[in-house]
2 protein chains.
Amino acid sequence: MFSKSCEYAIKASIFIAQKREGVQCVRVKEIAKGINAPEHFVAKILQELSRKKVISSMKGPNGGFCMSEAQINKPVLDIVLLIDGDGILNNCVLGLEHCSSSNPCPMHLEYQKIKLGIKNMLEKNTIRDFNNLLVAKEAVLFTD
Amino acid sequence: MFSKSCEYAIKASIFIAQKREGVQCVRVKEIAKGINAPEHFVAKILQELSRKKVISSMKGPNGGFCMSEAQINKPVLDIVLLIDGDGILNNCVLGLEHCSSSNPCPMHLEYQKIKLGIKNMLEKNTIRDFNNLLVAKEAVLFTD
DNA sequence: ATAATAAAAGATATTTTACTCTTTTATTAT
DNA sequence: ATAATAAAAGAGTAAAATATCTTTTATTAT
């Protein structure tokens, strides 16, 4: 469904939101541990998210990554589009170059429903929504 | 969603069903052209499908791949499970090793609905169902 | 029997994704 | 000013997915 990069991006964002809610910064090291992902790889992804203003960052001591209220209130779709592009919403399930309702692959009609569900899920839910589950201990960001 | 291999497997199966309905064989070359995929790569996948009895094959002149009525009536899920495994139905959307309703990732509940929709689609629709759309000219297997 | 045909199988190559390591730059506390 | 800290950036490595090429085996028509 998502690339590894995108999974990390979503989990990291939720982790940052959960940790400080924009007050203080979280270091990559802590984030990587918290979501059980390779540190330097996550760093790259966070740099990308930071460049595109999905999250914020500060260098130096007490530096790290953080999110403003506005950033926390963004739909998860924003992150997905940024990291994986819009393929998840637009690509043909059978990989046809130009699959559309007027020239559909055999699975097009059936798959449209699925894609709509995915779009809906990513659009309606914000980082905050998922973070709330975490805070309420109704969800976790890693298992072993 | 699916691997390239799986996309080819599904398209090839529909193509074989469409072409002959089990009466005569279709050569890889023709299949590869019909679904716009690399011939030798498709050959590998068809060999796998043949070994697992999802399709049938014959060597020599007039040889090729074909499908029996029974094979054509199988749900597409069979092919997906064979090529990609059950990850699409079971894997965590955020990549957690042990994500479940009792120990869920933040997106688990929302994503369950999606997975159910996918399972439903793959279980309810047979190769024949998708082939019918093709025969009725209501769908195509390749575009350029 | 022999030549032609087409799948089966094995080996190799390319591309993409995932990950790691090292150096540079900005910030802060002393 | 300086040393410490942490992100930014760049370069490189590893593994998996995708694709190609070559040889072998089975079948059929002549």
Side-chain angles (χ1 to χ4, degrees), chain A residues 1-13 15-16 19-20 24-67 80 83-85 87-88 91 94-95, chain B residues 1-13 15-16 19-20 24-67 80 83-85 87-88 91 94-95:
Chain A
M1 171 113 293
F2 301 134
S3 68
K4 230 75 184 90
S5 295
C6 192
E7 287 177 11
Y8 293 151
I10 296 170
K11 284 192 279 190
S13 299
F15 185 86
I16 297 167
K19 267 292 170 178
R20 301 290 150 81
Q24 222 185 317
C25 283
V26 199
R27 281 162 292 161
V28 191
K29 191 159 227 159
E30 196 182 343
I31 297 168
K33 264 188 195 159
I35 67 172
N36 190 33
E39 181 179 335
H40 294 282
F41 191 37
V42 171
K44 289 278 163 202
I45 298 162
L46 294 179
Q47 280 164 34
E48 173 87 1
L49 294 180
S50 177
R51 237 179 287 124
K52 301 288 179 61
K53 312 292 183 195
V54 171
I55 63 178
S56 306
S57 74
M58 286 286 296
K59 284 185 179 182
N62 310 326
F65 294 91
C66 54
M67 295 178 80
V80 174
I83 303 295
D84 280 352
I88 201 172
N91 285 172
L94 291 180
Chain B
M1 171 113 293
F2 301 134
S3 69
K4 230 77 182 88
S5 295
C6 193
E7 287 177 12
Y8 294 152
I10 296 171
K11 284 191 280 191
S13 299
F15 185 87
I16 297 167
K19 269 293 172 177
R20 302 291 152 80
Q24 220 183 318
C25 283
V26 199
R27 281 161 293 161
V28 191
K29 191 160 228 159
E30 196 182 342
I31 297 168
K33 264 188 194 158
I35 66 172
N36 191 33
E39 181 179 334
H40 294 282
F41 191 37
V42 171
K44 290 276 164 203
I45 297 161
L46 293 179
Q47 280 164 34
E48 173 86 2
L49 293 180
S50 178
R51 238 179 287 124
K52 301 288 179 59
K53 313 291 183 196
V54 170
I55 64 178
S56 306
S57 74
M58 284 289 296
K59 285 185 178 181
N62 311 325
F65 294 91
C66 53
M67 294 178 80
V80 175
I83 302 295
D84 280 352
I88 200 172
N91 285 172
L94 292 180

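Not measured: the values here are computed from a predicted model. Proteins come first, then strands; the chains are lettered A, B, ... in the order of their sequence lines, and each starts at number 1.
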I need the [X] [atom1] to [Y] [atom2] distance, nearest 0.5 Å.
X: B/Lys11; Y: B/Ile16; atom1: NZ; atom2: CD1; value: 13.5 Å
X: A/Lys29; Y: A/His40; atom1: NZ; atom2: NE2; value: 8.0 Å
X: A/Arg27; Y: A/Asn62; atom1: CZ; atom2: CG; value: 9.0 Å
X: A/Ile10; Y: A/Ser5; atom1: CD1; atom2: OG; value: 11.0 Å

request  = Enumerate, in order of first residue number, the stems that involve DNA chain C, defined as 3 or more consecutive Watson-Crick or G-U wobble pairs with both distances under 3.5 Å.
outcome  = C:1-30 with D:1-30
ask   = Salt bridge between A/Glu48 and A/Lys52, side-chain N to carboxylate O under 4.0 Å?
value = yes
From the set [options], return the single nucleotide nearest to any side-chain atom of [X].
X: A/Arg27; options: C/dA18, D/dA11, D/dA7; value: D/dA7
X: B/Gln47; options: D/dA7, C/dA8, D/dT18; value: C/dA8
X: A/Phe65; options: C/dA18, D/dA8, D/dA19; value: D/dA8

query = Among A/Ile31, A/Val26, A/Leu49, which residue meets the side chain to side chain contact (heavy atoms under 4.5 Å, CB included) test with A/Phe65?
reply = A/Ile31
message = For a quick check of understanding: with a heavy-atom distance under 4.0 Å over all strands, which category does B/Lys29 fall into, base, sugar-phosphate or nothing?
response = nothing
inquiry  = Looking at every heavy atom in both A/Ile55 and A/Ser13, which two are closest together, and how far apart are they?
reply    = CG2-OG, 4.3 Å
note = Heavy-atom closest pair (A/Glu7 atom, B/Gly95 atom, distance to 0.1 Å) is OE1-CA, 3.3 Å
For [N], take OP1 and OP2 only and decide whether either is under 4.0 Å from a side-chain N or O of [X].
X: B/Ser57; N: C/dA6; answer: no
X: B/Tyr8; N: D/dA19; answer: yes
X: A/Arg51; N: D/dA7; answer: no

ask   = Is it true that a side-chain atom of A/Ser50 and a backbone atom of A/Leu46 form a donor plus acceptor pair closer than 3.5 Å?
value = no
Distance in angstrom units between [X] [atom1] and [N] [atom2], rounded:
X: A/Ile45; N: C/dC19; atom1: CD1; atom2: P; value: 8 Å
X: A/Ile55; N: D/dA7; atom1: CD1; atom2: P; value: 10 Å
X: B/Lys33; N: C/dA6; atom1: NZ; atom2: C1'; value: 15 Å
X: A/Asn36; N: C/dC19; atom1: CG; atom2: C1'; value: 14 Å
X: B/Glu7; N: D/dA17; atom1: CD; atom2: P; value: 14 Å
X: B/Phe41; N: C/dA9; atom1: CZ; atom2: C1'; value: 16 Å
X: A/Leu49; N: D/dA7; atom1: CG; atom2: C1'; value: 14 Å
X: A/Glu39; N: D/dA8; atom1: CD; atom2: C1'; value: 14 Å

query = Looking at residues at least two apart in the chain, or sitting in another chain, which of them share a ring pair (Phe, Tyr, Trp, His ring centres under 6.0 Å) with B/Tyr8?
reply = B/Phe41
ask   = Which parts of nucleotides 22-30 of chain C does protein reach within less than 4.0 Å, heavy atoms only, written one letter per nucleotide 5' to 3' as B for base, S for sugar-phosphate only and - for none?
value = B--BBBBS-
